[in-house]
Q: 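Take a look at the following structure, please.
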Amino acid sequence: MKKGDHLFLVDGSGYIFRAYHALPPLTRKSDGLPVGAVSGFCNMLWKLLREARDTSVRVTPTHFAVIFDYSSNTFRKEIYPEYKANRSAPPEDLIPQFGLIRQATKAFNLPCIEKEGYEADDLIATYARMAEAVGAEVTIISSDKDLMQLVTPLVSMYDSMKDKQIGIPDVIEKWGVPPEKMIDLQALTGDSTDNVPGIPGIGPKTAAQLLEEFGDLDTLLSRAGEIKQQKRRENIIEFAEQARISRQLVTLKTDTPVDTGLDDFGLEPQDGPKLVAFLKAMEFTSLTRRAAEATGIDAAAIEPSEVAVDTVAEAHGPDVEIPDGTAPAATAEKPQNKPDGGVMLPADLVKARADEALASKIDTTAYTCIRDLATLQLWIDEAMEAGLVAFDTETTSLDPMQTELVGFSLAIRPGHAAYVPLNHKSGNGDLLGGGTVEGQIPLDDALRVLKPLLENRSVLKIAHNMKYDWLVMHRYGIDPHPFDDTMLISYVLDAGEGTHGMDALSERWLGHTPIAYKDVAGSGKSSVTFDMVDIDRATAYAAEDADVTLRLWRLLKPRLVEDGLVSVYERLERPLVAVLARMEERGISVDRQILSRLSGDLAQAAAAIEHEIYQLAGEKLNIGSPKQLGDILFGKMSLPGGSKTKTGQWSTSAQVLEDLAAEGHELPRKIVDWRQLTKLKSTYTDALPGYIHPDTKRVHTSYAMAATSTGRLSSSEPNLQNIPVRTSEGRKIRTAFIAAPGNKLISADYSQIELRVLAHVAEIPQLTQAFADGIDIHAMTASEMFGVPVKDMPSEVRRRAKAINFGIIYGISAFGLANQLSIPREEASQYIRTYFERFPGIKDYMEATKAFARQNGYVETIFGRRAHYPEIRSSNPQVRAFNERASINAPIQGSAADIIRRAMVRMEPALNAAKLSARMLLQVHDELIFETADGEVDATIPIIRDVMENAAMPAISLSVPLQVDARAANNWDEAH
DNA sequence: GTCCGACCGTA
DNA sequence: TTACGGTCGGACG
């Protein structure tokens, strides 16, 4: 930058608040996202930049930057803790706009500047002085009086909302003092909005008069005795120190350490497509049109950009790989409905959509069946025009890795839905297998016209359980995006409130029972695959699913905004869909021979024990039947003590049998051994080979994203999250999970993540310190509780402390702990009391969590995910106690689940950036399994560790470090 | 054929 | 004492 250049500095943060209050509220039509301040901001930038190109206007910028506050924790808080302490949380419908305005700045191709610990005003002051020093002119786009101290012959201000230039004469006219005395003036008057005290009874007029008379603040304070008016004199003397503090508070820092130099602010040409894409995403139609015209591009050809929405104030940080900013929503306030009406606020939209959903009836006879390419093209054109479409696939199997596409359905508006049959067969098949039904579009033709729709970035695809449809379509060479998933939206909104299947949601929200699958395809032995279903029946069923999905989306999506859950959905759920789909698609290699050999060994060992059991029991029996076992043990043999199950049967649990074995009985021991062997055989070594895919020769599990109340994933068909590890016999099964030739498996797991989360959320100093020091956490607990030194601690003492630590995470009860440790309940009770005495913060956390759950009906993770406990207020003490324990556990288990989700979302980009080929294969709650080429192992592990250990950042800065242990080997057993 | 309880594998 | 899914036996229709 040089003399003659002209720097524009926009006070972005100041603008947000002013625009929010000055402009009418405005929400995005499609989902009710509040965008009023964003709209005003974009219009202002547009105007400033248009004038910048208009050479007939005298003032034109050569350099341009938009400056934001980073957070309210600045050096001023240290000088004066009450500074800005009177500020309440911003209104909820303003919160998402903070992030959007930063994204708008980038869309306009302008530098977006912020710095932790400094206010926007300090950065503006610093840059203004830097520019002045090289002889450049500066215009500050703001009307904030706090910035007026910066005005000089070279620096002026511009109030964009009043279209008014502010120079030295304007400051004098308005405040009665020149700019350089503004600091002293503000020190005297104070500022109620920022909680700057000043001197009581002195307003701008008096302050100006006093400064005129005495020259400056210091002179005034030293000669205060000369003031004639008694009250004024007394006040100035009494509050002199307060005025000096005020001066420090209002004086802008002109030496802020800055990361970006002035030369980086050079005005770049507009990036038309980028700008139009953002404006389209915001649904600012007229500005989109103007921007497209001015930059000479076709707006219709530009796809809206994907915007990230923060719902929590101050949750923005510096640029990171993944835009971020989730944080607890507990401090956010409910949006205030504006009485002036006219504009739909989220709450109104939610209500309107709920009414609409219940009012409109679903007519399954009104759907279209599309049987020729021209009609399909018309529907696709219509969906393109609409910008959104509900989509659903119909297939031959529930397994997306095996299934074949039979048809698909589309819905563009409620009631406006169609089914496209592609591969229906005739039912009266003879030995030749029946024929393909006439009048279906050839699969390749249909996919050719469907692909541009599903991959068009300007058309939102809506599905219920998109991971399934994504996998199906991906196998046909299509990568659907962008998308919304009504199952996941429901999960984010209502986890813990029933299931999130489409039929249940339709029932719950639309008051409509969709056609049951079994009514179309039959059930059990008489069931047929969907390709054998009559096309008319299929049309009613399939098109209805798309219709219902669209209606659910219209109803549920706005609730995300109202409840402040947009970022949970957009950061923790939606991006994971494709990540998990790829993991499922990759599968993991399982060695059939190893399993087969283990199976044989287990069968032999079990058979031997079986004979011994028959001998000891004196008769043959079905050992797998707890009922028969109970009759023998406690009836015929009348062994002592057995407890009963809920249904009054004798319990034959491992615990009971172990206790009997400890008393010297032989039979119970044999039964326990037999159970272990047959469990391993039936559940693992016999079952797993059946899951090996015929083509890929790998095992492809399926992850359920919306199955748990806490935010954890679950795995099924097969469940790869419960592969044995605790016993050496069980661990042999893990040796069958192997890396492909030339590759290694890497296992990376978080160490003690839930206890670390507990230390963070409950703020327990001893735990935090122990994790910071990297010492044995259970031994530390034992030492604190029992006064035993950590060195040479008996293992039994440590074991008890460990059980208590886990108990705490589970919402401890004396009954449960007594059971776990096989000690009297009184003793367990005493342990818990001692624990709470040593770690009082734990007790506080538990009580606070229970109270929150009782008050709100849900609890929250550190990232704002909710887990609902509608029965926490039950009058049944057992039910209530159970819900209390679960609500204590959920924030801990759920926060850990959120952390690993964040790691998973970031993992692929991080590996790609490092040019590594490692593939993420499995997730086991606190562990990730990868497969990578032999030669890349050493380079890959540090990347994995880095992503996992920093996964909470920057949204949450944990008070404890996260530690990840990672190892590579040829099989899962050795890698773990 | 379908459902539920008991049991047990994991974090 | 939290969160899951799979297998089995046994009862029901």
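In the text below, chain A, chain B and the rest are named by the order of the sequence lines, each starting its count at 1.
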Q: Just the rounded figure in Å: distance from P of C/dT1 to CD1 of A/I823.
A: 13 Å
Q: Do the side-chain N and O atoms of A/S397 and A/Q402 include a donor-acceptor pair separated by under 3.5 angstrom?
A: no
Q: How close or far is atom C1' of C/dT1 from atom CD of A/E827, stated in whole angstroms?
A: 17 Å
Q: Are any side-chain N or O atoms of A/D494 and backbone N or O atoms of A/E497, one a donor and one an acceptor, separated by less than 3.5 Å?
A: no
Q: Do other residues, nucleotides or ligands put more than 12 heavy atoms under 6.0 Å from the CD atom of A/E658?
A: yes
Q: For A/S715, report the nucleic acid contact type (base, sugar-phosphate, nothing); a contact means any heavy atom under 4.0 Å.
A: sugar-phosphate
Q: NZ of A/K802 versus C1' of C/dT1: gap in Å, rounded?
A: 15 Å
Q: Taking CZ from A/F806 and C1' from C/dA3, how many angstroms apart are they, rounded to a whole number?
A: 13 Å
Q: Measuring from the side chain of A/F815 (C-beta onward, heavy atoms only), which nucleotide among C/dT1, C/dT2, C/dC4 has the closest atom?
A: C/dT1
Q: Who passes salt bridge (charged side-chain N to carboxylate O under 4.0 Å, His left out) against A/R838, sequence neighbours left out?
A: A/E784
Q: Which residue, A/N722, A/L598, A/L602, A/N719, forms the side-chain contact (heavy atoms from CB on, under 4.5 Å) with A/Y684?
A: A/N722
Q: Name the nucleic acid region contacted by A/Y703, choosing base, sugar-phosphate or nothing; use a 4.0 angstrom heavy-atom cut-off, strictly under.
A: nothing
Q: What do you reckon, are the aromatic ring centroids of A/Y831 and A/F836 less than 6.0 Å apart?
A: no
Q: Measure the distance from CD1 on A/I808 to P on C/dT2 and round it to the nearest whole Å.
A: 13 Å
Q: Assign A/A687 to base, sugar-phosphate, or nothing according to its heavy-atom contacts below 4.0 angstrom with the strands shown.
A: sugar-phosphate
Q: Expressed as a whole number of angstroms, how long is the span from A/N819:CG to C/dT2:C1'?
A: 15 Å
Q: Going through the checks in order, is the salt bridge (Lys or Arg N to Asp or Glu O under 4.0 Å) test met by A/E931 and A/R698?
A: CA-CA 13 Å; A/E931 184 175 47; A/R698 291 165 75 100; 2.8 Å; yes
Q: Hey, does A/G811 reach any base, or is it just sugar-phosphate, or nothing, if we go heavy atoms under 4.0 Å?
A: nothing
Q: I need the CG-C1' distance between A/N622 and C/dC8, as an integer number of Å.
A: 9 Å
Q: Check this one for me: any side-chain N or O of A/T701 less than 4.0 Å away from OP1 or OP2 of C/dG5?
A: no
Q: Is the number of heavy atoms from other residues, nucleotides or ligands under 6.0 Å of A/R825 CZ greater than 12?
A: no
Q: What does nucleotides 4-11 of chain B look like as a protein-contact string, B for base, S for sugar-phosphate only, - for none, at under 4.0 angstrom between heavy atoms?
A: -SSSBBBB
Q: So, A/R734 and A/E974, do they make that salt bridge, N to O below 4.0 Å?
A: no
Q: To the nearest Å, give me how far apart CG (A/L688) and C1' (C/dT7) are.
A: 13 Å
Q: Can you establish whether the number of heavy atoms outside A/E826 located under 6.0 Å from its atom CD is more than 12?
A: no
Q: What's the closest nucleotide to the side chain of A/I812 if the choices are C/dC4, C/dG5, C/dT1?
A: C/dT1
Q: Do any N or O atoms of the protein come closer than 3.5 Å to N or O atoms of nucleotides 11-13 of chain C, and which pairs are they?
A:
none

